[in-house]
2 protein chains.
Amino acid sequence: MLPKGNCVNSGNDMVTKEELCKDFTACPITATMEVIGGKWKPIILFNLTFGTRRFGEISVRIPSISRKVLTEQLKELEKDGLVIRKQYEEMPPRVEYSLTEKSKGLVAVFKEISDWGIKNLL
Amino acid sequence: MLPKGNCVNSGNDMVTKEELCKDFTACPITATMEVIGGKWKPIILFNLTFGTRRFGEISVRIPSISRKVLTEQLKELEKDGLVIRKQYEEMPPRVEYSLTEKSKGLVAVFKEISDWGIKNLL
DNA sequence: CGGAATCCACAAAGATACTG
DNA sequence: CAGTATCTTTGTGGATTCCG
């Protein structure tokens, strides 16, 4: 028996090592950070909280991200169900990205992160 | 002039490129993620939200992090003023880590992240 | 315009062994 | 117990070129 308290439940009860590992894999913090974490995803998602954006718009608003990386990140976000990609068959091409119902719930998360950052870092 | 809306202010007003870049460097989301982001820091900090922990305790509760990386991450967190390191001159040695006033404000952040993860990912 | 493909550099992380 | 030191491995991001 180990003291209870992995990332999921870090209280003071006792827990077996098996439960610890099991809980660890189901840690909501880890799971969320894997999906919205990383260097760029929070900024991309936060950008989209203000509405639908074209690829080029996002690129302009986040000047320091390369288009290659932006493409990769958007693909991952789409795969995880956090953004919707809508492609218009026009010339020149147009692609629009927007949040999903799932990711709209992240607005509260970004608000907390932003508030903390303003208060403690800026 | 560009459409206004970097990571800080992604509304629809107009903004100069200079303002865009200026705002970008001051983005509270980016600033916060640089300090609490990464693969391990959220878990480490979340662990400490339950109280003071010894190095070995943290290591047990986060089985998948190596002690070397845990040491590195704790050092960075200490440098950024997010954890306090208290060393007892005993044999065997004892080192305790705890949150600072600054990082205690992150509890709300982790709550939001955790709630969203439970609802949408687990 | 919105990518895809390729190559490259660097930093972060893991493995292992050792120590006050 | 709580780290260091060293080496190796992995992965993320950058630069460039090309395409429908």
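Keep in mind it's a predicted model, so treat the numbers as computed, not measured.
Of the candidates Glu34(B), Glu76(B), Gln73(B), Lys41(B) forms a side chain to side chain donor-acceptor pair (under 3.5 Å) with just one, namely Glu76(B).
Summary of the strand contacts: Pro93(A) and Ile65(A) both lie near DNA chain D, and taking for each the nucleotide with the nearest heavy atom, the more 5' one is attributed to Ile65(A). Comparing Lys68(A) and Arg94(A) along DNA chain C, the residue whose closest nucleotide (by nearest heavy atom) sits nearer the 5' end is Arg94(A).
Both tests do not hold together for Arg53(A) against Tyr97(A): distance to the six-membered ring centre under 6.0 Å, angle to the ring axis within 45°.
In this structure, Leu74(B) atom CG and dA12(C) atom C1' are separated by 16 Å, rounded to whole Å. Rounded to whole angstrom, the span from the CD atom of Glu96(B) across to the C1' atom of dG3(D) amounts to 16 Å. Spacing between atom NZ of Lys75(B) and atom P of dA12(C) amounts to 14 Å, rounded to whole angstrom units. With rounding to whole Å, Glu78(B) atom CD is found 15 Å from dA2(D) atom P. Atom-to-atom, CD1 of Ile62(A) to P of dG14(D) comes out at 12 Å; the value is rounded to the nearest Å. Between the CD atom of Glu72(B) and the P atom of dT6(D) there is a distance of 14 Å, rounded to whole Å. When the P atom of dG2(C) is taken as reference, atom CD of Gln87(A) falls 10 Å away, rounded to whole Å. As a whole-Å value, the separation of Lys86(A) NZ from dG2(C) P is 15 Å.
A sub-4.0 Å separation between OP1 or OP2 of dG14(C) and a side-chain N or O of Lys39(B) is present. The side chain of Arg85(A) contributes an N or O atom lying less than 4.0 Å from OP1 or OP2 of dG3(C). Distances shown here put a side-chain N or O of Arg54(A) below 4.0 Å from the OP1 or OP2 atom of dG2(C). Considering only side-chain N and O atoms, Gln73(B) lies under 4.0 angstrom from the phosphate OP1 or OP2 of dA13(C).
Residue-level contact check: Tyr97(A) touches the backbone only, with heavy atoms under 4.0 Å from sugar-phosphate atoms and none from bases.
Panel note: side chain Ser103(B), backbone Thr100(B); a donor-acceptor pair is recorded below 3.5 Å.
Distance from the side chain of Arg67(B) is smallest for dA2(D) among the nucleotides dG2(C), dC1(C), dA2(D).
Leu121(B) is connected to Phe46(B) through a chain of hydrophobic side-chain contacts under 4.5 Å among Ile, Leu, Val, Met, Phe, Trp and Tyr, so both are in one cluster.
The CG atom of Leu48(B) sits 11.5 Å away from atom CD1 of Ile43(B), with the distance rounded to the nearest 0.5 Å.
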